[in-house]
Amino acid sequence: DTAVSQTPKYLVTQMGNDKSIKCEQNLGHDTMYWYKQDSKKFLKIMFSYNNKELIINETVPNRFSPKSPDKAHLNLHINSLELGDSAVYFCASSQDWGSGEFGETQYFGPGTRLLVL
Amino acid sequence: ILNVEQSPQSLHVQEGDSTNFTCSFPSSNFYALHWYRWETAKSPEALFVMTLNGDEKKKGRISATLNTKEGYSYLYIKGSQPEDSATYLCAFKGWAAGNKLTFGGGTRVLVKP
């Protein structure tokens, strides 16, 4: 069983379209994250939800909107896609958001490779 | 803006040799330092979470040390094997950061048979 899964794995779309990426974790974790791997291959945090509540919201264009219908899911919706949105997006989860060493370990999904043409 | 740097960016190691590389991070406001191993086409996998100055952690042939006063951590690979080839990421967490991790750029290790 995959612990953290993302769909789709690959997404090729046109500029201006709206698209969603889904993330699900079956680890029973309370906290989930979205990261973007930028052009220099750095992993940069975008959002974090703890028990369906937004706790981290980095400086991300408001075309990006996360949604957490329940604590096992964190989806990322992107409006009006731009060329610069092309990247790999990783979802991750952790037991909680900072109660100690073991609670903090983050488990990553396989990534979604988004290409905007 | 937090500065988390890893060096070198990449290194080649002969199978059987040992190697080490560095992660440097802000020495103030330290809460935790994470190490992840990231194989090509896979997801980053947690290796260690280190919280105390002087911490040493070990997992098989991989170990890490932590110096929070001077703001650095070393990761060591003893007797490198081809399956150790991966990018090794460190990530810094400060106090009052929620669980926000700031990642370094990684050290890409290639072990040659």
Side-chain angles (χ1 to χ4, degrees), chain A residues 2-6 9-10 23-25 27 29-51 53-60 71 74 88-113, chain B residues 1-10 23 25 29-53 55-59 64 66 68 73 86-109:
Chain A
T2 306
V4 183
S5 59
Q6 294 179 228
K9 204 168 175 180
Y10 299 96
C23 178
E24 176 180 3
Q25 53 94 3
L27 297 166
H29 287 171
D30 282 350
T31 311
M32 295 184 73
Y33 313 80
W34 276 109
Y35 287 89
K36 181 180 179 181
Q37 186 184 13
D38 66 19
S39 54
K40 294 183 180 176
K41 306 294 183 190
F42 278 73
L43 278 175
K44 296 268 175 75
I45 184 77
M46 298 173 72
F47 302 104
S48 177
Y49 270 71
N50 185 62
N51 247 323
E53 284 192 33
L54 183 66
I55 55 168
I56 295 174
N57 185 354
E58 289 295 285
T59 309
V60 173
K71 67 178 195 180
L74 180 62
V88 184
Y89 293 85
F90 285 92
C91 175
S93 73
S94 64
Q95 190 175 302
D96 52 46
W97 64 286
S99 67
E101 191 174 307
F102 298 106
E104 295 185 21
T105 299
Q106 295 187 21
Y107 296 81
F108 284 80
T112 294
R113 281 144 187 84
Chain B
I1 297 174
L2 291 175
N3 220 15
V4 180
E5 292 184 357
Q6 292 186 245
S7 63
Q9 279 190 0
S10 65
C23 171
F25 50 85
N29 213 29
F30 176 87
Y31 184 88
L33 194 279
H34 294 227
W35 279 101
Y36 286 84
R37 181 170 176 275
W38 193 359
E39 285 181 74
T40 304
K42 293 190 177 178
S43 321
E45 275 182 36
L47 284 173
F48 309 115
V49 178
M50 308 178 80
T51 54
L52 297 174
N53 185 42
D55 244 356
E56 286 189 34
K57 299 266 181 173
K58 192 174 178 188
K59 192 174 185 174
L66 180 68
T68 60
S73 174
T87 297
Y88 292 83
L89 297 172
C90 68
F92 168 85
K93 178 184 166 178
W95 277 100
N99 204 12
K100 176 183 167 182
L101 296 180
T102 301
F103 281 84
T107 293
R108 189 179 210 163
V109 174

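Residue numbering restarts at 1 for every chain, and letters A, B, ... go by the order of the sequence lines.
Counting heavy atoms from C-beta outward, A:Leu43 and B:Pro44 have side chains that approach closer than 4.5 Å. Looking only at side-chain heavy atoms (C-beta outward), B:Trp38 and A:Phe108 stay at 4.5 Å or farther from each other.
A 6.0 Å sphere centred on CD of A:Glu53 holds no more than 12 heavy atoms belonging to other residues, nucleotides or ligands. Counting heavy-atom neighbours within 6.0 Å of A:Gln37 CD, excluding the residue itself, gives a total above 12. Other residues, nucleotides and ligands place more than 12 heavy atoms under 6.0 Å from the CD atom of A:Glu58.
Only the side chain of B:Tyr36 comes within less than 4.5 Å of a heavy atom of chain A; its backbone N, CA, C and O stay farther away. Neither the backbone nor the side chain of A:Gln6 comes within less than 4.5 Å of any heavy atom in chain B.
Ranked by heavy-atom pairs under 4.5 Å with chain B, the first of A:Ala92, A:Gly109, A:Gly111 is A:Gly109.
How far NZ of B:Lys100 is from CG of A:Asn57: 11.0 Å, rounded to the nearest 0.5 Å. In this structure, CZ in B:Arg108 is found 8.5 Å from NZ in A:Lys41, a value given to the nearest 0.5 Å.
Between A:Arg113 and B:Ala41 the shortest heavy-atom distance is NH2-CA, 4.5 Å.
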